[in-house]
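In each ligand, atom 1 is the first atom listed, and ligand 1 is the first ligand listed.
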Amino acid sequence: MVRKFTTLYRHIIDEERKIPEATGQLSDLLYDIALACKVISLEVNRAGLIDILGLTGEENVQGEAVKKLDDYSNEILMHMMKLGGHTCAVCSEEEENYIPMEEKYFHQEVLNKYILHFDPLDGSSNIDANISIGTIFSIYKRISKNGIATLEDCLQQGYRQVAAGYVVYGSSTIMVYTAGRGVHGFTLDPSVGEFLLSYENMKIPKKSSTYSINEGNYSKWSKGMQNYISYLKEKDKDSGRPYTARYVGSLVADFHRNLLYGGVFIYPEDDKNKNGKLRLMYEANPLSYIIEQAGGRSSNGKERILDIKPGSLHQRTPLFIGSEEDVLLAEKFLSEEVSKNGVDVKKQIEYKK
Ligand code: AHG
Ligand code: MN
Ligand code: MN
């Protein structure tokens, strides 16, 4: 007997059909992104075999010029957007400015409605170590009515996203996306070359016992931040402490694990990087949209990520994202109220519960 299965494309189309005014353009765009990611996935796997990892401008054993994987991923996605004709602008972590789509690439019958932002290869410091890496993407509708897209089209608040997702290139290739009606995960079956539904309507546990942070930066954090991590490491059976630490240094991989099992990922500001390290448009916004759809929470420690008004494409932000109660607790530790002089942070936390 053949088991029933759902392909990514079927799922996307079925979802879009639920919206009466939908034209199908978003489905096609998501399909183009998935196709680009399949090509990237292939190259990620091939790279290990032919030893081309991270060698920009050098020659491989066949004497061909080879590209760094993040440049390659960027080019594939850009190319696919030109072929597809559904976007009016593309913004990439690897490009300084937004790339407005030239009108010759516009779709014939309907206006190119969408703006795409992506981090073509996240976790790039892990490429050479065969550790999971990924692609993150985020889609908005244009604000301008027609013609060449503007910077204003590209700098919208995260809550205005119409879809977002990521692909993890790991022990298998997985794509997770939301179009505002839940979060769904698909595993690439290499034998048929299709993403097949493997996680329907994903929900993150409300509270976890895992934290993901680069703790090597401890001495650079604020007192509140240091207190929070120290608190998670204390022994207390009733509140499920001490927590477990999990951090590989690829945001997509750390995020994906926390989404499945519960956890809080943190990249805070520190005394050198006042806005943390991660990028609002390419990393924080798409993952925040996904986490909220999955019942989790995301903030910069004070403000909801999706409400932040972006000032520039490469703007950075501190990021606290994951299980709702864990993010809330981090926010309490950071708030002035609990970290002001002489206040016993722990007592305040217990009191505020
Ligand atoms: P990218 O590879 O796209 O530049 O992103 C790297 C990011 C993110 O994936 C990860 O969580 C973080 O950098 C790790 O930073 P640290 O090495 O400072 O921990
Ligand atoms: Mn990244
Ligand atoms: Mn990147």
So, for His11 and Phe195, is the gap between ring centers shorter than 6.0 Å? no
Strictly below 4.0 Å, N to O, side chains only: are Lys206 and Glu325 in salt-bridge contact? no
To the closest 0.5 Å, what do you measure between NZ (Lys302) and CD (Glu331)? 10.5 Å
Have Tyr289 and Ser298 got a donor and an acceptor in their side chains that come within less than 3.5 Å? no
Where do Ser41 and Thr173 come nearest, in terms of heavy atoms and distance? OG-OG1, 2.8 Å
Short side-chain to backbone donor-acceptor contact, Asp153 and Ile143, under 3.5 Å: yes
Looking at Ser250, which atoms of ligand 1 are within less than 4.0 Å of one of its heavy atoms? 9 (O)
Could you check whether Ser212 and Arg257, counting side-chain N and O atoms only, form a donor-acceptor pair closer than 3.5 Å? yes
Using a plain distance cutoff, I'd like to know if Asn217 has any nitrogen or oxygen under 3.5 Å from a nitrogen or oxygen of ligand 1. no
At what distance is the nearest protein heavy atom to atom 9 (O) of ligand 1, and which residue and atom is it? Asp122 OD1, 2.7 Å
Tyr282: heavy atom below 4.0 Å from ligand 1, yes or no? no
protein heavy-atom neighbour closest to atom 15 (O) of ligand 1 works out as Lys277 NZ, 2.9 Å
What are the atoms of ligand 1, with element, lying closer than 4.0 Å to any heavy atom of Asp119? 3 (O)
Tell me, which protein residue and heavy-atom name are nearest atom 11 (O) of ligand 1, and how many Å apart are they? Leu251 N, 3.3 Å
For Leu121, which part has a heavy atom under 4.0 Å from ligand 1: side chain, backbone, both, or neither? backbone
Residue pairs, two or more places apart or on separate chains, that pass salt bridge (charged side-chain N to carboxylate O under 4.0 Å, His left out) and touch residues 159-170: none
Looking at every non-hydrogen atom in both residues, tell me the closest pair between Ile115 and Lys141 and how far apart they are. CG1-C, 4.4 Å
Should Tyr218 and Ser230 count as side-chain neighbours, where that means a heavy-atom distance under 4.5 Å? yes
The criterion is ring pair (Phe, Tyr, Trp, His ring centres under 6.0 Å); which residues satisfy it with Tyr261, sequence neighbours excluded? none
Under 4.5 Å between side-chain heavy atoms, counting indirect links through other Ile/Leu/Val/Met/Phe/Trp/Tyr residues: same cluster for Leu280 and Leu116 or not? no
As an exercise, identify every atom of ligand 1 less than 4.0 angstrom from a heavy atom of Glu283. 3 (O), 5 (O)
min-distance protein heavy atom vs atom 7 (C) of ligand 1 -> Leu278 CD2, 3.8 Å
Contact check, Asn126 vs ligand 1, heavy-atom distance below 4.0 Å: no
Atom 18 (O) of ligand 1: nearest protein contact (heavy atom, Å): Tyr267 OH, 2.5 Å
Could you check whether atom NE2 of His79 has more than 12 heavy atoms from other residues, nucleotides or ligands sitting under 6.0 Å from it? no
Glu94 bridged to Lys68 by N-O distance under 4.0 Å: no
Which atoms of ligand 1 have any heavy atom of Asn214 under 4.0 Å away? 16 (P), 18 (O), 19 (O)
Quick check on contacts: which atoms of ligand 1 are under 4.0 angstrom from a heavy atom of Arg279? 4 (O), 5 (O)
Which residue and non-hydrogen atom of the protein lie closest to atom 14 (C) of ligand 1, and at what distance in Å? Tyr247 OH, 3.3 Å
My understanding is that we take every heavy atom of each candidate and find the minimum distance to atom 1 (P) of ligand 1. Doing that for Pro120, Ser124, Gly134, which one comes out nearest? Ser124
Residues that Ala245 engages under side chain to side chain contact (heavy atoms under 4.5 Å, CB included), provided they are two or more places apart: Tyr211
Could you list the atoms of ligand 1 found under 4.0 angstrom from a heavy atom of Glu93? 3 (O)
Geometric N/O contact Gly123 with ligand 1, under 3.5 angstrom: yes
Indicate yes or no: does Arg10 engage Asp14 in a salt bridge with an N to O separation below 4.0 Å. yes
Can you list the ligand 1 atoms lying under 4.0 Å from a non-hydrogen atom of Phe265? 11 (O)
Distance from atom 10 (C) of ligand 1 to nearest protein heavy atom, with residue and atom: Gly249 O, 3.3 Å
With the Mn ion (ligand 2) as the point of reference, which N/O/S atom of Glu283 is the closest? OE2
Protein N, O or S atoms lying under 2.8 Å from the Mn ion (ligand 3), listed by chain and number: Glu93 OE1, Asp119 OD1, Leu121 O
